Amino acid sequence: MESGMISVDRWAAGSQAYFLTHLHADHTAGLSGAWRRGPLFCSRLTAKLIPCKFPGFDVSLLRIVKIGSWHSLSLTSPSSRSSVEFVFKAIDAQHCPGSVMYLFRCESGCTLHTGDFRWESNSLGTENGMAVLLDALKDQTLDTLYLDNTYCNPQYSFPSREVASKQIVDIITSHPNDEVVIAIDSLGKEDLLLYISQALNMKIWVWPERLQIMHLLGFHENFTAQTSVTRIRAIPRYSFKTDTLNKLNEFRGPTIGIMPSGMPWAVAGKDGNTVGASASHVNEKECSENTGSFSEMHGVGGNSGNTTKFYEVHYSAHSCYSEIQEFIELLRPVNIKGIVSSRSCCINPHYYFGHLCGPEQALWRVQQKLDCEEHLRRAEVAEIEPIVDGVSHVSRRKRKNDHMNFFGIRISRVSLLGRLSCGARITSTESCSK
DNA sequence: GCGATCAGCT
DNA sequence: CACAGCTGATCGC
């Protein structure tokens with residue numbers, strides 16, 4: 001795609017249309033209430049949150065992109081001065097409230113910008129998102145994939161957010177009489193807090209600005225800003241430290257701290273006040289089974305000499321390596337570019353996934369999808385025919401599976417394609433092998 | 001004084 | 001190494 005037309009999460013002058021994937025600060029550097037550079041495209045929920053995040057923002061510049069629908073956009077090529085027609089679509093990125101990916105199509109090709117995303121294996125949201133994506137690509141190659149490569153390295157393996165949420169509920173219920181403090185940011189982890197609130201039938205305290213966000217998101221029933229009605233508090237991550245917790249421990253009674261973190265191995269044991277599980281220990285637990293892991297740390301108490309317990313639970317809003325791998329295996333882009341720049345070269349998507357990119361791979365995906373749809377059409381016809389030849393359902397299913405194996409993709413993935421075609425159902429029994 | 005940018009911390 | 005993001009220092013207008 002030619003430069004000087006569309007910017008995604010970049011706010012320098014010189015673009016004709018600006019797209020925002022989500023409202024985290026590392027994607028909005030350069031945005032402010034004084035924004036005047038041009039129309040800003042974002043999801044409906046993000047648009048709702050913008051005046052809160054950027055007071056004074058001129059909302060007449062907002063262009064709401066309805067998720068799942070095609071939108072059209074006519075821009076001017078800076079080089080040829082001719083008109084370029086775009087269509088684009090937003091897809092739920094499941095990273096934080098309002099977060100989306102953008103798929104752009106124009107005459108010169110297709111581009112997908114994932115923004116930050118977490119598409120968990122075997123989740124309905126991921127299946128739906130992938131079905132929308134593949135359907136939108138149709139028989140076109142994906143020319144450029146701008147990828148959330150935060151955890152684009154096999155060492156990054158962690159459980160789903162649901163598993164992590166269950167772990168946190170278990171930690172809280174195992175301390176029935178303690179005050180609980182959970183570290184969160186200004187946006188994100190609402191699904192975790194809702195899960196806790198519903199599982200324990202208890203409101204969660206948040207600070208007043210955060211309660212306003214919860215109101216905008218429609219979650220206000222599960223949250224409160226009154227300190228007296230609950231023992232569970234969500235506090236800003238930057239004020240989550242031994243000092244704060246020890247003070248709570250001293251003045252409000254026994255307190256445990258829970259840090260849901262994307263990289264717990266990085267936080268533990270930095271100073272003398274915390275003693276954490278080592279990174280190798282955390283990783284060892286993760287690698288042995290994908291049921292999740294958490295580490296327990298004990299902070300040294302304040303004047304009272306009490307001990308504050310810290311729990312770091314592996315909770316991530318970014319896809320882990322195996323989820324990124326599944327994503328790329330299905331999309332097969334011609335080019336791939338990481339959106340996370342890092343001094344560390346170990347997350348360069350080309351290093352691990354270069355073999356899944358290139359023109360041949362992109363064409364292979366298109367051909368595979370067409371073959372698969374054709375097969376599913378035939379399979380459905382076969383399914384509604386009466387069985388007259390003595391062939392059992394089991395052997396039919398086996399035949400189908402053989403065909404899928406021929407394609408080299410797993411059954412759970414083919415079920416995504418199944419949704420795309422004529423509603424043919426494929427039984428999905430296999431979990432992802434690692 | 002205000003906004004942008006960066007170091008530092010968690 | 002570094003998730004997301006606040007605070008505070010510095011620079012330029």
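So you know, we letter chains A, B, ... as the sequences are listed, proteins then strands, and number each from 1. None of the values given here were measured: they were computed from a predicted structure.
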Below 3.5 Å between N/O atoms, which protein atoms pair up with nucleotides 5-12 of chain C? Just atom names and distances, please.
unit_1 : atom_1 : unit_2  : atom_2 : d
C:dG5  : OP2    : A:Ala25 : N      : 2.7

Consider only side-chain N and O atoms of A:Ser83 and A:Ser74, and report whether a donor and an acceptor are under 3.5 Å apart.
yes
Scan side-chain atoms only and decide if A:Tyr351 and A:Asn149 contain a donor-acceptor pair under the 3.5 Å cut-off.
no
Send over the distance from [X] [atom1] to [N] [atom2], rounded to a whole Å.
X	N	atom1	atom2	value
A:Asp9	C:dA4	CG	C1'	14 Å
A:His27	C:dA4	NE2	C1'	9 Å
A:Gln155	C:dA2	CD	P	10 Å
A:Ile258	B:dT10	CD1	P	21 Å
A:Tyr151	C:dA2	OH	P	11 Å
A:Trp11	B:dA4	CH2	P	14 Å
A:Asn149	C:dC3	CG	C1'	13 Å
A:Tyr321	C:dC3	OH	C1'	20 Å

For A:Phe19, ring pair (Phe, Tyr, Trp, His ring centres under 6.0 Å) partners two or more places apart
A:Phe41, A:Phe88, A:Tyr102, A:Phe104
Can you give me every donor-acceptor pair (side chain of residues 175-182 of chain A, partner residue at least two apart or in another chain, under 3.5 Å) with its distance?
unit_1   : atom_1 : unit_2   : atom_2 : d
A:His175 : ND1    : A:Ile171 : O      : 2.9
A:His175 : NE2    : A:Tyr311 : OH     : 3.2
A:Glu179 : OE1    : A:Arg233 : NH2    : 2.4

What side-chain hydrogen bond (donor to acceptor under 3.5 Å, both in side chains) pairs are there with at least one residue in residues 33-45 of chain A, not counting sequence neighbours?
A:Ser43-A:Thr46
Which part of the nucleic acid, if any, lies within contact of [X], taking any heavy atom under 4.0 Å across all strands shown: a base, the sugar-phosphate backbone alone, or nothing?
X	result
A:Asp116	sugar-phosphate
A:Thr150	sugar-phosphate
A:His22	nothing

I'd like a table of donor-acceptor pairs (distance under 3.5 Å, sequence neighbours excluded) in which one partner is a side-chain atom from residues 193-206 of chain A, with atom names and distances.
unit_1   : atom_1 : unit_2   : atom_2 : d
A:Ser197 : OG     : A:Met202 : O      : 2.8
A:Ser197 : OG     : A:Asn222 : OD1    : 3.1
A:Trp205 : NE1    : A:Ala225 : O      : 3.0

For A:Glu190, check salt bridge (charged side-chain N to carboxylate O under 4.0 Å, His left out) against everything at least two apart and list the hits.
A:Arg210
